[in-house]
There are 2 protein chains.
Amino acid sequence: MLDIKRLHIDTTTTLIAMEDEVDRLVAAWRRERPDLDVEPLEVLSRVSRLARHLDRARRLAFSEHQLEPWEFDVLTALRRAGTPYQLSPGQLLTQTLVTSGTMTNRIDRLAKKGLVERLPDPSDRRGVLVRLTDEGRDRADQALAGLLDQERAILAELSRAQRGELAGLLRQLTAPFDNIPG
Amino acid sequence: MLDIKRLHIDTTTTLIAMEDEVDRLVAAWRRERPDLDVEPLEVLSRVSRLARHLDRARRLAFSEHQLEPWEFDVLTALRRAGTPYQLSPGQLLTQTLVTSGTMTNRIDRLAKKGLVERLPDPSDRRGVLVRLTDEGRDRADQALAGLLDQERAILAELSRAQRGELAGLLRQLTAPFDNIPG
DNA sequence: GGCACATATCTCGAAGTCAAGAGACTTAAT
DNA sequence: ATTAAGTCTCTTGACTTCGAGATATGTGCC
């Protein structure tokens with residue numbers, strides 16, 4: 001059985017690894033189900049749990065700018081599109097991985113707050129274009145800066161080289177999902 | 001600026017790294033906001049996106065056992081506790097990272113399906129103990145085996161050593177959240 | 001042109017989550 | 001004993017999401 005904590009110590013050479021919830025979870029499964037190989041949990045349970053912690057941290061970071069995470073997701077998708085900061089609702093939903101009903105609702109609420117506006121698509125009368133207002137762009141830019149500051153603090157646990165390595169390993173796992181449409 | 005794809009190639013030595021959505025997202029930010037250092041996104045956006053993909057995959061794996069992901073989370077927390085498979089609602093919420101209102105609702109629904117039962121705590125009359133029924137235990141065991149099979153398939157992208165390294169790096173990020181109560 | 005099918009967006013109702021607070025009980029200090 | 005503060009669980013109401021279907025427009029074939 002692979003001893004992951006030991007490997008970790010080998011790579012850092014300075015500190016004893018701190019235990020986390022997943023170490024306790026895996027130990028519990030090995031006690032209760034010694035017949036099963038639970039090694040996959042060492043990676044994927046950490047991914048899921050870390051994502052939950054990140055959601056909470058993001059919510060906190062955005063609250064300083066009076067933005068909800070879902071608002072940030074939509075505004076930054078438009079911001080990344082570049083000037084004139086316009087996308088169709090359909091393009092927005094493929095980027096944010098939500099359903100069309102949800103996106104309609106989100107656009108309604110963002111428009112009511114004056115952060116986006118709906119325009120008729122000149123080339124397709126079924127369609128609509130969603131455009132970022134100036135205030136929407138500024139709010140997105142400010143929130144992004146705040147988010148990056150907070151993420152840097154979380155990642156300070158790792159050296160630059162370790163962050164690069166981690167990003168590369170994660171890419172190997174995400175690439176199949178992102179490239180084989182699933 | 002750190003070139004993460006290059007680092008990745010160095011560590012694998014066999015394959016060209018495939019691009020993923022985060023590479024495209026980061027490239028868009030570097031075009032639109034060249035003044036910002038968006039390196040943190042290389043790690044943490046991948047964590048969030050991978051977690052979303054995992055949620056979908058888990059939902060699919062569990063549907064073969066007529067279980068929702070939230071049901072699995074609660075049942076397995078009890079299963080891991082070991083015989084007699086009892087925990088308080090409070091212990092369950094620290095393990096599943098949901099709020100107390102949500103947990104009350106979940107216990108209600110699981111009890112209605114006959115997978116858990118509520119018992120008065122003999123040592124604290126404010127308290128309740130939630131106990132797994134025999135059927136609940138069997139369903140949890142079956143779903144866990146299915147989940148592990150699926151996770152092994154996702155992780156087949158990585159060598160055993162890479163999985164160990166990834167687990168160790170992730171632990172360094174999760175440990176502060178898990179140990180400093182946040 | 002007219003018909004069938006595809007596409008884009010919106011509407012609506014059901015379901016789950018959260019946050020805040022209420023109610024019941026425990027603990028510790030006086 | 002009594003009081004105050006703390007703990008544990010449940011209740012409530014607002015909010016967001018999803019999924020299915022409705023409406024309007026576009027596209028291609030005959």
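Below, read A as the first sequence line, B as the second, and so on, with proteins coming before strands; counting in each chain starts at 1.
Scanning all heavy atoms of the two residues, the minimum distance from B:Val130 to B:Leu78 falls at O-CD2, 3.4 Å. When all heavy atoms of A:Ala77 and A:Leu92 are compared, the closest pair comes out as CB-CD2, 3.8 Å.
Heavy atoms of A:Arg59 sit nowhere under 4.0 angstrom from any nucleic acid atom. Nucleic acid contact for B:Asp124: sugar-phosphate only, since backbone atoms but no base atoms lie under 4.0 Å from a heavy atom of the residue. Within the nucleic acid shown, B:Gly101 comes within 4.0 Å of at least one base atom, counting heavy atoms only.
Chain B approaches DNA chain D over the interval D:dG6 to D:dT11, counting the first and last nucleotide 5' to 3' with an atom under 4.0 Å from its heavy atoms. Here the range on DNA chain C touched by chain B, meaning any atom under 4.0 Å from one of its heavy atoms, is C:dG16 to C:dT26.
When atom types are taken as modelled, the side chain of A:Ser63 and the backbone of A:Leu60 share a donor-acceptor pair closer than 3.5 angstrom. Although no hydrogens or angles enter the test, the distance criterion places a donor-acceptor pair under 3.5 Å between the side chain of B:Thr174 and the main chain of B:Arg171.
A side chain to side chain donor-acceptor pair (under 3.5 Å) with B:Glu71 holds for exactly one of B:Lys113, B:Gln66, B:Arg109; it is B:Lys113.
The pair A:Arg49-A:Asp20 fails the salt-bridge criterion, with no side-chain N (NZ, NE, NH1 or NH2) lying under 4.0 Å from an Asp/Glu carboxylate O. Checked for salt-bridge contact, B:Arg152 and B:Asp149 meet the test: a charged N lies under 4.0 Å from a carboxylate O. Ion pairing between a basic and an acidic side chain is recognised when a charged N comes within 4.0 Å of a carboxylate O; B:Arg79 and B:Asp138 show no such pairing.
Toward the 5' end of DNA chain C, the nearer of the two residues B:Ser100 and B:Arg109, judged by each one's closest nucleotide, is B:Arg109. Position along DNA chain C of the nearest nucleotide to A:Arg118 versus A:Arg126 favours A:Arg126 as the more 5'-ward residue.
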